[in-house]
Student: 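Below you'll find the structure I mean.
Model, not experiment: these values are computed from the prediction.
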Amino acid sequence: MLLDSLKTIGRNSESDECYTPSNQVAPLLQYLDKDKTYYEATSGKSSNILTGFDEHGFNMVGSGDRDFFDCTRDDIYDGIVTNPPYSIKDKFIEHCYKLEKPFALLLPVASFQGGKRGRMFMEHGMSTLVYNNRVDFTGKRNPHFGVAWFIHGFLPPNTIYWVDNPK
């Protein structure tokens, strides 16, 4: 059963129901400018990232019901920070690169691999903040996959940083 579950992470709508606990933005914030404004592209579904930014005194605008793929460069403020639906992560990554703004996407660690993603990462660069343990999205203390912040433009290109997972 677990093997079947792991094979489908990021490829189905069930994998899209992983809402970021608000404290999980903390490791990312040290790399962001508190005087800038960030855009949360999926806040119509969950506002936990907005809450985390607000709790730390950062400026963030939520998408509400706006479709991210209708956004232009001018809609994004100073950068994108979101946990996109994993089933369409490639589409999110591609759109983020096209918008030519810095971005940070919380994605499964397995997102390092993938033909299309790999080509985009090699062409444009990608850095990451990798947690030293798994994020508990459900509160059941049984996370079955790891995540990392995949970052472009907020960090030097093609670097990996290891961070503690806030409890």
Side-chain angles (χ1 to χ4, degrees), residues 9-111 116-117 120-121 124-131 134-140 143 145-155 161 163-167:
I9 290 173
R11 296 189 203 134
N12 59 54
S13 60
E14 290 80 27
S15 68
D16 294 342
E17 301 298 319
C18 293
Y19 302 118
T20 309
S22 62
N23 67 337
Q24 296 304 312
V25 301
L28 177 64
L29 296 178
Q30 67 181 309
Y31 302 101
L32 303 180
D33 184 339
K34 215 171 195 174
D35 295 327
K36 294 192 176 188
T37 300
Y38 302 95
Y39 184 74
E40 210 298 8
T42 62
S43 63
K45 264 305 219 184
S46 170
S47 61
N48 293 349
I49 291 176
L50 284 165
T51 300
F53 268 63
D54 186 55
E55 288 172 348
H56 289 90
F58 279 75
N59 300 311
M60 179 172 266
V61 174
S63 63
D65 292 329
R66 183 161 190 191
D67 185 335
F68 176 60
F69 303 108
D70 292 335
C71 288
T72 66
R73 180 173 164 70
D74 293 335
D75 299 320
I76 302 304
Y77 301 88
D78 298 304
I80 302 158
V81 178
T82 193
N83 176 356
Y86 297 160
S87 66
I88 56 172
K89 63 185 165 290
D90 288 351
K91 189 175 176 182
F92 254 80
I93 294 166
E94 185 174 33
H95 192 59
C96 285
Y97 280 128
K98 284 182 183 176
L99 292 170
E100 297 180 327
K101 293 276 186 142
F103 62 87
L105 307 176
L106 190 66
L107 297 171
V109 172
S111 301
K116 183 176 184 175
R117 279 187 305 281
M120 286 189 283
F121 296 166
H124 302 287
M126 183 59 70
S127 296
T128 54
L129 293 181
V130 180
Y131 288 114
R134 294 177 179 177
V135 172
D136 183 4
F137 289 97
T138 65
K140 296 179 182 176
F145 64 96
V147 295
W149 284 103
F150 284 69
I151 301 169
H152 178 74
F154 294 129
L155 295 174
Y161 295 87
V163 297
D164 287 322
N165 177 346
K167 299 289 182 188

Student: Do Phe92 and Thr42 come within less than 4.5 Å of each other through their side chains, counting heavy atoms only?
Tutor: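 In contact.
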Student: Let me confirm one number: the CG-OH distance from Leu129 to Tyr131, rounded to the nearest 0.5 Å.
Tutor: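 Between atom CG of Leu129 and atom OH of Tyr131 there are 7.5 Å.
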Student: Can you name the side-chain contact (heavy atoms from CB on, under 4.5 Å) partners of Tyr77, sequence neighbours left out?
Tutor: Thr37, Tyr39, Val61
Student: Rounded to the nearest 0.5 Å, how far apart are OG of Ser111 and CE of Met126?
Tutor: 9.5 Å
Student: If we only count heavy atoms from C-beta on, is the Leu107 to Ile93 side-chain gap below 4.5 Å?
Tutor: yes
Student: Hey, mind stepping through Asn165 and Gln24 against side-chain hydrogen bond (donor to acceptor under 3.5 Å, both in side chains) and telling me if it holds?
Tutor: CA-CA 7 Å; Asn165 177 346; Gln24 296 304 312; 3.0 Å; yes
Student: Checking Ser43 side chain against Ser63 main chain: does a donor-acceptor pair fall under 3.5 Å?
Tutor: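 Pair found, side chain donor or acceptor close to backbone of Ser63.
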Student: Identify the two heavy atoms, one from Leu99 and one from Ile80, that lie closest to each other, and give their separation to 0.1 Å.
Tutor: CD1-CD1, 3.8 Å
Student: Can you tell me how far CG of Asp75 sits from CZ of Phe68, rounded to the nearest 0.5 angstrom?
Tutor: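 Separation between the atoms: 10.0 Å.
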Student: Within this structure, what is the CG-CD1 distance for the pair Leu106 and Ile49, rounded to the nearest 0.5 Å?
Tutor: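 CD1 of Ile49 is found 6.5 Å from CG of Leu106.
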Student: Should Phe150 and Phe121 count as side-chain neighbours, where that means a heavy-atom distance under 4.5 Å?
Tutor: yes
Student: I need the Leu28 CG to Ile151 CD1 distance, nearest 0.5 Å.
Tutor: 5.0 Å
Student: Who pairs with Phe103 by ring-ring contact (aromatic ring centres under 6.0 Å, His included), at least two apart in sequence or on another chain?
Tutor: Tyr97, His152
Student: Quick one: does Lys34's side chain have a donor or acceptor within less than 3.5 Å of a partner on His56's backbone?
Tutor: yes
Student: Taking side chain as C-beta onward, heavy atoms only, is Trp149 less than 4.5 Å from Leu155?
Tutor: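 Trp149 does not reach Leu155 side chain to side chain.
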Student: Side chains of Leu32 and Leu29: does their closest heavy-atom pair fall under 4.5 Å?
Tutor: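 Leu32 reaches Leu29 side chain to side chain.
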Student: Can you confirm whether Glu55 sits close enough to Asn23 that some side-chain heavy atom of one is under 4.5 Å from a side-chain heavy atom of the other?
Tutor: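 Glu55 does not reach Asn23 side chain to side chain.
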Student: Tell me which pairs pass salt bridge (charged side-chain N to carboxylate O under 4.0 Å, His left out) where either residue lies in residues 91-100, with sequence neighbours left out.
Tutor: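 Applying salt bridge (charged side-chain N to carboxylate O under 4.0 Å, His left out) to every pair that reaches into residues 91-100, excluding sequence neighbours, yields Glu94-Lys116.
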Student: Side chains of Asp78 and Asp33: does their closest heavy-atom pair fall under 4.5 Å?
Tutor: no
Student: Would you give the length of the straight line joining atom SG of Cys96 to atom NE2 of His124, rounded to the nearest 0.5 angstrom?
Tutor: 11.5 Å
Student: Carefully, step by step, assess Met60 and Asp54 under the rule side-chain contact (heavy atoms from CB on, under 4.5 Å).
Tutor: CA-CA 7 Å; Met60 179 172 266; Asp54 186 55; over 6 Å; no
Student: May I ask you to test the Lys89-Arg117 pair for a side-chain heavy-atom distance under 4.5 Å?
Tutor: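 In contact.
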Student: Classify the ring geometry between Phe58 and Phe53 as parallel (under 30°), tilted (30 to 60°) or perpendicular (over 60°).
Tutor: perpendicular
Student: When the aromatic ring centroids of Phe154 and Tyr38 are compared, is their separation below 6.0 Å?
Tutor: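 Ring centres of Tyr38 and Phe154 closer than 6.0 Å.
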